[in-house]
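Structure first, commentary second.
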Amino acid sequence: MKNTALTHIHESLGAKMLPFAGYNMPITYEGVNAEHETVRNGVGVFDVSHMGEFLLTGPNALALIQKVTSNDASTLTIGRAQYSCLPNNEGGIVDDLIIYKMKEEQYLLVVNASNIEKDWNWITSHNDLGVDMKNISDDYSLLAIQGPKAVEAMQSLTSVNLSAITYYHFEVGDFAGIENVIISATGYTGSGGFEIYCKNDEVEQIWNKVFEAGASFGIQPIGLAARDTLRLEMGFCLYGNDINDTTSPLEAGLGWITKFTKDFTNSEALKKQKEAGVTRKLVAFEMQERAVPRHDYEIVDGSGAVIGIVTSGTMSPSMNKGIGLGYVTVANSAIDSDIFIRIRKNDVPAKVVKLPFYKK
């Protein structure tokens with residue numbers, strides 16, 4: 001099992017540590033609900049250094065990215081990031097990722113921790129263009145400083161104007177006494193803030209200065225359990241739950257990152273699927289009674305017929321009700337549709353709703 005450069009700090013803070021994607025990671029500190037509320041109302045810090053980073057450089061870097069990803073990366077300018085996915089040849093998704101345009105002819109790809117090797121091998125297998133590829137995952141750390149007070153709490157640590165970094169943009173600059181840090185507004189919580197990419201030997205200094213600067217704002221360390229409840233309240237997909245090798249981006253509601261203005265892996269088949277229409281869709285639902293939906297629970301209709309499956313579910317800390325995502329037949333996917341979640345032989349009523357669950 002791998003550790004991050006901050007594992008010893010999490011342990012000293014009394015974090016509950018568990019294996020996640022091959023890493024020893026902090027799951028909770030003081031408890032999911034308290035940590036969730038800290039991010040929604042104040043500022044919290046996640047160590048997400050388990051994420052993977054690939055650096056693609058050269059005159060054909062964009063061409064390779066265009067070939068393996070579904071979104072149109074040609075629209076990126078330096079300082080902008082893009083959410084995308086890697087389609088496979090069978091209609092599913094290898095992984096979802098974020099692409100950063102660092103320089104002309106240089107891109108940073110940030111991938112899910114559990115898929116680092118898989119993604120590396122997949123992109124490498126398509127690299128017949130001579131693109132220089134470096135897997136820098138083991139050399140870099142990543143902190144997510146999230147919450148409505150993040151910008152104000154951290155501005156003293158950098159000469160970069162943090163409030164000027166809009167969503168899915170980034171700057172490379174000084175932060176907490178370290179030069180050439182990537183400061184990125186690509187958060188996964190829906191509460192604002194930014195991410196800090198730095199080298200492993202720099203992250204402890206940054207962590208310490210972040211907590212000094214944020215002390216008067218009530219800053220707290222946050223574990224991965226609250227990261228999951230926060231992203232679910234926004235309806236953000238989690239690879240391995242809501243999307244995987246068998247789910248089409250069109251079924252998952254990711255048509256907006258699937259651009260048929262270019263050719264990419266399996267684009268012809270996905271184009272045909274779009275024209276024919278999907279048979280199932282990922283929907284958001286709220287429980288109509290006090291109950292918690294869980295991953296892999298069956299979704300049924302009023303007659304008890306199975307129409308789908310829950311992919312993510314929790315008791316929403318912000319809304320104090322059960323919420324979830326799941327795939328259902330298209331006939332049952334419209335907003336306000338009545339569905340039922342089968343929980344230990346009981347069919348508990350739920351309603352299909354529009355995302356996000358959490359409205360500020």
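This is a predicted model, so every value here is computed, not measured. Position 1 is the first residue of the sequence, and the numbers go up from there.
Between the side chain of S70 and the backbone N or O of I257, at least one donor-acceptor pair lies under 3.5 Å. When atom types are taken as modelled, the side chain of N135 and the backbone of S137 share a donor-acceptor pair closer than 3.5 angstrom. A donor-acceptor pair is defined here as one N or O able to donate and one able to accept, closer than 3.5 Å; such a pair exists between the side chain of T38 and the backbone of A34. Here the side chain of Q155 pairs a donor or acceptor atom with the backbone of T158 at under 3.5 angstrom. Looking only at distances, a side-chain donor or acceptor of N244 sits under 3.5 Å from a matching main-chain atom of T247.
A distance of 3.0 Å separates NE2 in H36 from OG in S318, rounded to the nearest 0.5 Å. Taken from CD in E171 to OG in S159, the straight-line distance is 9.5 Å, to the nearest 0.5 Å. To the nearest 0.5 Å, atoms CG (N200) and OH (Y140) are separated by 9.5 Å. Residue N24 holds its CG atom at 8.5 Å from CG of L18, rounded to the nearest 0.5 Å.
For the pair K101 and Q106, the minimum side-chain heavy-atom distance is 4.5 Å or more. Two residues are said to be in side-chain contact when any heavy atoms from C-beta on lie closer than 4.5 Å; I196 and I145 meet this criterion.
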Would M102 and F170 satisfy side-chain contact (heavy atoms from CB on, under 4.5 Å), going step by step from the backbone distance to the final call? CA-CA 9 Å; M102 305 304 299; F170 67 94; 3.8 Å; yes
Might you work through the salt bridge (charged side-chain N to carboxylate O under 4.0 Å, His left out) test for D128 and K67, ending with a clear yes or no? CA-CA 11 Å; D128 53 3; K67 185 160 75 162; 2.9 Å; yes
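Only one option out of V110, I99, D119, L108 pairs with F54 in a side chain to side chain contact (heavy atoms under 4.5 Å, CB included); it is D119.
The cationic atom of R40 (NZ for Lys, CZ for Arg) lies less than 6.0 Å from the six-membered ring centre of Y358 and within 45° of the ring axis. Figure legend: cation-pi geometry between R280 and Y327, with NZ or CZ positioned under 6.0 Å from the six-membered ring centre and within 45° of its axis.
Between K2 and D138, at least one side-chain nitrogen of the basic residue sits less than 4.0 Å from a carboxylate oxygen of the acidic one, meeting the salt-bridge criterion.
A donor-acceptor pair shorter than 3.5 Å cannot be found between the side chains of T28 and E35. A donor-acceptor contact closer than 3.5 angstrom links the side chains of D96 and Y83.
Closest heavy-atom contact between E286 and Q288: O-NE2, 3.1 Å.
Other residues, nucleotides and ligands contribute only 12 or fewer heavy atoms inside 6.0 Å of the CD atom of E152.
One hydrophobic cluster, built from ILVMFWY side chains closer than 4.5 Å, holds both V39 and M319. L97 and I243 sit in two unconnected hydrophobic clusters of ILVMFWY residues. Membership requires side-chain heavy atoms under 4.5 Å apart, directly or through other members. By the criterion of side-chain heavy atoms lying less than 4.5 angstrom apart, applied directly or through intervening Ile, Leu, Val, Met, Phe, Trp or Tyr residues, F211 is grouped together with F175 in one hydrophobic cluster. Both Y100 and Y167 sit in one connected hydrophobic cluster of ILVMFWY residues. Membership requires side-chain heavy atoms under 4.5 Å apart, directly or through other members. In terms of hydrophobic clustering, with Ile, Leu, Val, Met, Phe, Trp and Tyr side chains grouped at heavy-atom distances under 4.5 Å, L56 and V68 are assigned to a common cluster.
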